[in-house]
Number of protein chains: 2
Amino acid sequence: MFFCYIYRMKKKYTIKDIAELAGVSKGTVDRVIHKRGKVSEKAFADVSRILAEIDYKPNLIARNLKNNKIYTLCVLIPDYNLDQYWLSCKEGIKSVKQEYASFDIVIKTLLYHSKDVDSFLQKSNEVLDLKPDGVLMVPSFQKESDTIINLFANQNIVVSIFNNNITNDKIFNFVGQDLIKSGRIAAKLFDLILGEGKIAVLYIGANYKNATYFHEKEKGFRAYIKSTQTKISSTTLTFSTENLESEFLSFLKNNPDIKGLFVTNSKTYMVAELLEKHHIKNLKLIGYDLLDKNITHLKNNTIQFLIHQNAKHQIYLGLTNLIEHFMFSKTTPKNNLLPINIINSENLSSYTQKEISYS
Amino acid sequence: MFFCYIYRMKKKYTIKDIAELAGVSKGTVDRVIHKRGKVSEKAFADVSRILAEIDYKPNLIARNLKNNKIYTLCVLIPDYNLDQYWLSCKEGIKSVKQEYASFDIVIKTLLYHSKDVDSFLQKSNEVLDLKPDGVLMVPSFQKESDTIINLFANQNIVVSIFNNNITNDKIFNFVGQDLIKSGRIAAKLFDLILGEGKIAVLYIGANYKNATYFHEKEKGFRAYIKSTQTKISSTTLTFSTENLESEFLSFLKNNPDIKGLFVTNSKTYMVAELLEKHHIKNLKLIGYDLLDKNITHLKNNTIQFLIHQNAKHQIYLGLTNLIEHFMFSKTTPKNNLLPINIINSENLSSYTQKEISYS
DNA sequence: CTGAGGTATGTGTTCGAGCACATTTTTTGT
DNA sequence: ACAAAAAATGTGCTCGAACACATACCTCAG
């Protein structure tokens, strides 16, 4: 009955098996498992004992088949047509859609303008109208995100966030990186390749509301310098994208002792372009993210290292965590901190190649 | 019928739906889908047309429930009690077991002595006796592995390999890293942190049969030097673990111009220990794998970088690829080349932390 | 002592795919 | 033209969990 003799393996116990063992019907077992009541104390005790004894695990395949529900998920992120950083999210969503093509899962993407609160609020309301089972969002605007997340929670929508974290106990799951560590890593890399010297920490195009996101990285950078006996020192600057060229060049002129540049976001290529244009050599440059333009400068050695935040993997994990939660009641860690990848010109391709020879 | 109006979403088409659309019974649709024959040309064409039209995707949950089979997998790897490198595989297997605890999957682990062909052959035969559905193995001995893989294939056992690759067209799936790239990465790192100087490439405990494994890395290392206008140069050495101390010290004495050491396997800590014991400073050390002992020396800066081969993730992927293949007929790339992670003392923790706060 | 009203327990159907078996239709040979 | 064989098609049950519904059991009031 419970043994498959050909393979000499135990097959999993089913509700029917348990019913027989306990001398009751499968209906009663079901009521005990789901604590639906309407069960005598004796029956409850008997069945519970057996469940514990055999360490019963329900067949999730069967459960899911019965549930047979269409799950709707919404992705609420900054418009990837406006900032290349978010473009990889598009691929991440595509991967998930492909992987779960055979299941009844619908994913709707809503893009907001990452610097426009109104667009964020408008798209949030569209999400509410769609009445999804879950939402995966980037909480760009701290205060507004908090309000919206509470609204979602009130509608019994499960909310996960990624990229940057905010504190709200309604959040199901966060996927991202430890930004302080991220900054420390940059400092360590400068320490290793320079040994000593002054490094400029740069914010570019920093009219973002979530400046905390960048501050954390700088905090980590400084913390490393403070906690080790390194001969590295740092200074912090903010540039708008518009006046970058003139401001940056005059900064370099006034600070000839600068040995390295740490750009705290994906706009690293902008600095690289300036260095190349003005033939500035011997400045080490470390920045973020595998945008096409960054990759070009990494390959020709204007950029020494890129720290990979892997937005694609973040959104992928955020979505699959939600799906597995709905489909198989899988538990996931509340905080999902991803590895921080150090990329140089040589290991780059091992991160960017998609799929290798199916046949 | 096909629309769930509450959510205004299309539900997936079922075999029954297709049968109605084509004006045949679900049995006929089934025969068309599985190309079992016994279908008239007209019916075949009609059903095929509709299948293509609606892009039918079978419900894998239902398919799997019906199949309802216990899948047995064997893991055939070097004994992780004898070489710490393989220890992380134990955790990888554990993760997979936990993740698939609710499914009828049995995983049996067989450990062979990584330097003893006879033990490898004996364990291989034990695998054959177990008649598993699939095997995930490390093909330590090239010739013997090839033979065994053919034997497995003859018994209709699906074979995947990981860690190191061999050419055999019966292999279902390979998971590992590009070793040539791996060597290039080490060279690039020396290039960045040294700028110039001579580097010793070391094989330690190299009475392995699969020396190709290490040769590839050296090949990559040299290739980098050759392809760039770097001022780095290299020399290659082999040490046994027994005479390491005396041989290594005399090598250093005779070669005072050595600026860096590249250990091509996880025995990096042995070199680190010697450097510390004899107070040798100013030698940059790069090696492989996050063994406890390596980590200690990475943290106190005797080792500058470790390249992470992530055996745990390799075995995890190898196993899940097999399981998803059996359970959901999922296709996987034949070659699964994993990213090559560069680890220093600062991003280390982002790779080693397991799970973060479930509650 | 009987039936209402509650609780406890059992039964039967559903989900979608897959496959064995039953039934119908077509083809073939005499 | 008709039976027999072959091919095509249809039917119905199974997998395990979930849940609606049916039935059995018990208690207490009238």
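Quick caveat, the model's predicted, so the values are computed rather than measured.
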Between B:A62 and B:S25, just flag the one whose closest nucleotide in DNA chain D comes earlier from the 5' side. B:S25
Respond yes when some side-chain nitrogen or oxygen of B:T28 is under 4.0 Å from OP1 or OP2 of D:dG10, and no when none is. yes
A:F103 atom CZ is separated from C:dC15 atom P, nearest whole Å, by 19 Å
Aromatic ring proximity, centroids under 6.0 angstrom, B:Y56 and B:Y13: no
In whole angstroms, how far is the P atom of D:dC15 from the CG atom of A:D17? 11 Å
Candidates B:F328, B:F326, B:Y100, B:F103 - the one meeting ring-ring contact (aromatic ring centres under 6.0 Å, His included) with B:Y71: B:F326
Take atom NZ of B:K66 and atom C1' of C:dT14, then tell me their distance rounded to the nearest Å. 16 Å
Which atoms form the tightest heavy-atom contact between B:L337 and B:Q177, and what is the distance? CD2-C, 3.9 Å
Just do the salt bridge (charged side-chain N to carboxylate O under 4.0 Å, His left out) check on B:K123 and B:E126 with the steps written out, would you? CA-CA 5 Å; B:K123 294 293 170 183; B:E126 284 183 32; 3.7 Å; yes
Side chain of B:R63, heavy atoms from C-beta onward: which of C:dC15, C:dA17, C:dG10 has the nearest atom to it? C:dA17
Separation of atom CG in B:N68 from atom P in D:dA17, rounded to whole Å: 10 Å
Residues B:N59 and B:K12: side-chain donor-acceptor under 3.5 angstrom: no
Report yes or no: is there a donor-acceptor pair, N or O only, under 3.5 Å between the side chain of B:K26 and the base of C:dG18? yes
Ignoring hydrogens, what is the shortest heavy-atom contact between A:L65 and B:A62? Give both atom names and the distance. CD1-CB, 3.8 Å
Need one value for B:I15: base, sugar-phosphate or nothing, where a base atom within 4.0 Å counts as base even if backbone is also close, heavy atoms only. sugar-phosphate
Sorted by number, the residues of residues 32-53 of chain A with heavy-atom contact under 4.0 Å to DNA chain D: A:H34, A:R36
Does the distance from a Lys or Arg side-chain N to an Asp or Glu carboxylate O, for B:D133 and B:K69, drop under 4.0 Å? yes
Looking only at side-chain N and O atoms, does A:Y13 come under 4.0 Å of OP1 or OP2 in D:dA17? no
By nearest nucleotide on DNA chain C, pick out whichever of A:L65 and A:G27 is the more 5' one. A:G27
Interatomic distance, A:L136 atom CG to A:F162 atom CZ [nearest 0.5 angstrom]: 5.5 Å
Could you tell me the separation between the CG atom of A:N59 and the P atom of C:dG16, rounded to a whole number of Å? 17 Å
B:N67 atom CG is separated from C:dG16 atom C1', nearest whole Å, by 12 Å
Atom CD1 of B:I18 and atom C1' of C:dA17 are separated, to the nearest Å, by 11 Å
Checking C:dC21, C:dA17, C:dG10 against the side chain of B:T14 (C-beta onward), the nearest is C:dA17
On the side chain of B:R31, is there an atom forming a donor-acceptor pair with the base of C:dG18 - under 3.5 Å, no angle test? no
Give B:D30 one of three labels, base, sugar-phosphate or nothing, depending on what nucleic acid heavy atoms sit under 4.0 Å from its own. base
Taking atom C1' of C:dG16 as reference, at what distance in whole Å does atom CD of B:E20 sit? 14 Å
